[in-house]
Amino acid sequence: MPDILLSYAHEDRESVRPIINLLENEGWDVWWDRDIDPGIKWERALEQALMQTKAVFVVWTPNSKNSKWVHKEADIGISKNGFVQVTLGDDSLPEKYAAYQALDLSRWSGRSDISEIASLLRRLSKLVPPSRIDVIRPGYQTNFLSEKLEVGYPGVTGPVAVFPYQHFSVVMNPSRRMAHYVAYNSDGTQYKRDHLFRMRARWVPDPLLSSTLQMDMSLVRKSDYHRGHLISPHTVQWGDEKAASIAARQSFFWTNVSPQRPNVNIGSWFFIEKHERSVAKQYKKISGFSGPVFRVDDPPFRDEVELPEGIIAIKTFLIPQAFWKVIFTINQHNKLMVDCFLVDQNLKPDEATQQLDDYRISLADLEAVTELRFMKELHAAPEIRL
C-alpha cells in the first residue's frame with residue numbers, strides 16, 4: 001500500500017523527480033505512474049493506487065492545471081482528508097483549490113534544509129507516517145563491529161526517548177530538550193568526500209518530531225556559543241552515496257546539537273572527532289557514544305524563551321558544562337578496545353591542547369560524572385592506541 005500518490009502531468013516528469021527523491025529519502029513509499037508494470041491497464045492501476053493510498057500529493061503546473069485526471073486525483077485526496085499541493089509555476093494553481101494551502105516550489109533548489117520544506121514534511125507526517133522509516137532511519141546497530149558482539153545502549157538516569165537515524169541514534173532527554181547522548185556506527189573504509197553533501201547545510205528541526213522535543217538552535221544566534229554536533233557529519237557520512245548524504249543531512253537536525261563554546265566546537269572537541277575517524281580508518285569500523293554532561297547547577301541560557309506554541313519557558317535551556325565521548329572497536333583477535341574522553345566547556349582557549357591524554361578519562365570515572373551505566377565488557381576493554 002503506497003503512503004503517497006504523486007499526481008502530476010506527464011509532461012512535467014523530470015520536474016517532479018526532485019520531489020519524489022525528497023519524499024523517498026524521508027521514508028515515504030511514493031506511487032507514481034512509473035510504478036505501473038508493462039502490460040497493465042494504467043487507468044485500473046491508477047484507480048487501485050488511489051483507493052489504497054493515504055495521501056494525494058498534487059504538483060500544479062500549467063500542464064497539470066489543464067489535466068482532468070490531476071483534478072480528479074486532487075478531489076479524491078480532499079475526500080480522503082489527505083490532500084497536499086505544491087505549485088511549480090506562476091498562475092498554475094486552479095481557483096477551485098485556492099482555499100487549500102499550497103507551497104510554491106518554483107524556485108526550489110532541491111535542498112531539504114529550508115523551513116518551507118520542513119513545514120511541508122511535518123504536514124505530510126501528520127497525514128501519513130513514513131512506512132519505510134526503518135530503511136531511512138535504521139539507527140545505531142548494536143552488533144555493528146561483529147555479529148558475535150553486542151554493545152548495547154548505556155543506561156540513563158531520568159526521562160528518555162530514542163530517535164533512530166541513518167548510522168546513528170539520538171537518546172533524548174525530553175526535559176532538557178537535548179540528547180543524553182548519540183550512539184553511532186562508522187565504517188572508515190566507506191567514508192565519502194564532502195562533495196556528496198554540500199556543507200552549506202543549515203540546522204533544521206527533525207520534521208517528523210514535535211518541536212517540543214528539540215532545542216531551537218535559533219536561540220544560539222548572537223550568543224557566545226556555537227551549534228556543536230554531538231556526532232559529526234563527517235563521522236556518519238559513509239556507505240553508498242544515498243546513505244551517506246542522508247546521514248550527513250540528518251546530523252544537522254536539532255536533535256544532534258548542543259551549545260558549545262568556540263574553543264570546544266572548533267578546538268578540543270573537533271580534535272577528538274578527527275581522532276575517532278583516524279581510529280575508524282585504521283581499524284575499519286568503530287562505534288561510539290557522545291553527549292553532554294547534565295548537572296543540576298547548569299546555568300540557564302536566555303532565561304525566558306517564547307516557544308513556537310506561544311508558551312513562555314523559564315530556565316528550560318540549560319548549558320552543559322562538559323562533553324564526553326566513548327569510542328570502541330575490535331582488534332584482529334575480535335577483542336574490544338575503548339577510548340574515553342571528557343572536555344570541559346570552561347577551559348580557556350590557552351588551556352586547550354591537542355594532546356589526547358589531556359582529555360582521556362576512565363570509563364568508571366565517566367560513569368560517575370555522567371550518571372550513565374556502560375556494559376561491563378567496555379569496562380574490561382584496554383585502551384585504543386593508534
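One is the number of the first residue; the rest follow in order along the sequence.
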In terms of heavy-atom contacts, does NZ of Lys376 have more than 12 from other residues, nucleotides or ligands at under 6.0 Å? no
List the atom pairs, donor and acceptor, that lie under 3.5 Å between side-chain atoms in residues 292-300 and the rest of the protein, sequence neighbours left out.
residue : atom : partner : partner atom : Å
Asp298  : OD2  : Arg176  : NH1          : 3.3
Asp298  : OD2  : Arg176  : NH2          : 3.0
Asp298  : OD2  : Arg295  : N            : 3.0

What is the ring orientation for Phe374 with His379, classed by angle as parallel under 30°, tilted 30 to 60°, or perpendicular over 60°? perpendicular
For a quick check under 3.5 Å, do Ser186 and Arg277 share a side-chain donor-acceptor pair by atom type? no
Would a single hydrophobic cluster contain both Leu145 and Met375, if residues Ile, Leu, Val, Met, Phe, Trp and Tyr are joined by side-chain heavy-atom contacts under 4.5 Å? yes
Is there a side-chain contact between Glu367 and Arg373, using heavy atoms and a 4.5 Å cut-off? yes
For the CD atom of Glu73 and the OG1 atom of Thr53, what is their distance to the nearest 0.5 Å? 10.5 Å
Is it the case that the ring center of Trp238 lies less than 6.0 angstrom away from the ring center of Phe144? yes
Do any pairs count as a ring pair (Phe, Tyr, Trp, His ring centres under 6.0 Å) and have a residue in residues 122-143, sequence neighbours left out, and if so which ones? Tyr140-Tyr153, Tyr140-Phe289
If you define the side chain from C-beta out and look only at heavy atoms, does anything of Pro262 sit under 4.5 Å from Tyr225? no
Using a distance-only test with no angle check, is there a side-chain donor-acceptor pair under 3.5 angstrom linking Asp29 and Ser131? no
Taking only distance into account, with no hydrogens and no angle test, what donor-acceptor pairs under 3.5 Å do side-chain atoms of residues 332-343 form with protein atoms, sequence neighbours excluded?
residue : atom : partner : partner atom : Å
Asp339  : OD1  : Arg360  : NE           : 2.8
Asp339  : OD1  : Arg360  : NH2          : 3.4
Asp339  : OD2  : His275  : NE2          : 2.9
Asp339  : OD2  : Arg360  : NH2          : 3.1

State which residues pass ring pair (Phe, Tyr, Trp, His ring centres under 6.0 Å) with Trp269; sequence neighbours excluded, sorted by chain then number. Phe323
Counting C-beta onward and ignoring hydrogens, is there a side-chain heavy-atom pair between Val182 and Tyr165 closer than 4.5 Å? no
With the threshold set at 4.0 Å, does a side-chain nitrogen-carboxylate oxygen contact exist between Arg137 and Glu26? yes
Looking only at side-chain N and O atoms, does Gln321 offer a donor or acceptor that is under 3.5 Å from a partner on Asn346? yes
Give, for atom CG of Leu230 and atom OG of Ser251, the distance between the pair rounded to the nearest 0.5 Å. 10.5 Å
Indicate the atoms forming the closest heavy-atom contact of Ser64 with Ala9, along with that distance. N-CB, 3.6 Å
Partners meeting side-chain contact (heavy atoms from CB on, under 4.5 Å) with Gln85 (sequence neighbours left out): Val58, Trp60, Phe83, Leu93, Tyr97, Tyr100, Ala102
Between Trp28 and Leu124, is there a side-chain heavy-atom distance shorter than 4.5 Å? yes
Do Val86 and Leu105 come within less than 4.5 Å of each other through their side chains, counting heavy atoms only? yes
For Asp357, does the CG atom sit with more than 12 other heavy atoms under 6.0 Å from it, leaving out its own atoms? yes
Are there more than 12 heavy atoms of other residues, nucleotides or ligands under 6.0 Å from atom OH of Tyr191? yes
Please say whether more than 12 non-hydrogen atoms of neighbouring residues, nucleotides or ligands are located less than 6.0 Å from CD in Glu371. no
Working to the nearest 0.5 Å, report the span between CG of Asp90 and CG of Asp104. 7.0 Å
If you count heavy atoms of other groups shown closer than 6.0 angstrom to NZ of Lys285, is the number above 12? yes
Check this for me, if you would: do Glu276 and Lys325 make a salt bridge, where the nitrogen-to-carboxylate-oxygen distance has to be below 4.0 angstrom? yes
A side-chain contact here means heavy atoms from C-beta on lying under 4.5 Å apart; do Tyr181 and Val170 qualify? no
Check whether any side-chain N or O of Gln345 sits under 3.5 Å from a backbone N or O of Arg261 as a donor-acceptor pair, and report yes or no. yes
Non-neighbouring partners of Leu127 that pass side-chain contact (heavy atoms from CB on, under 4.5 Å), sequence neighbours left out: Val84, Arg123
As an exercise, state the distance from CD of Glu11 to CG of Asn66, rounded to the nearest 0.5 Å. 9.5 Å
Are Ile231 and Ile327 linked, directly or through other ILVMFWY residues, by side chains that come within less than 4.5 angstrom of each other? yes
Would you mind reporting whether Arg249 and Asn25 have side-chain heavy atoms less than 4.5 Å apart? yes
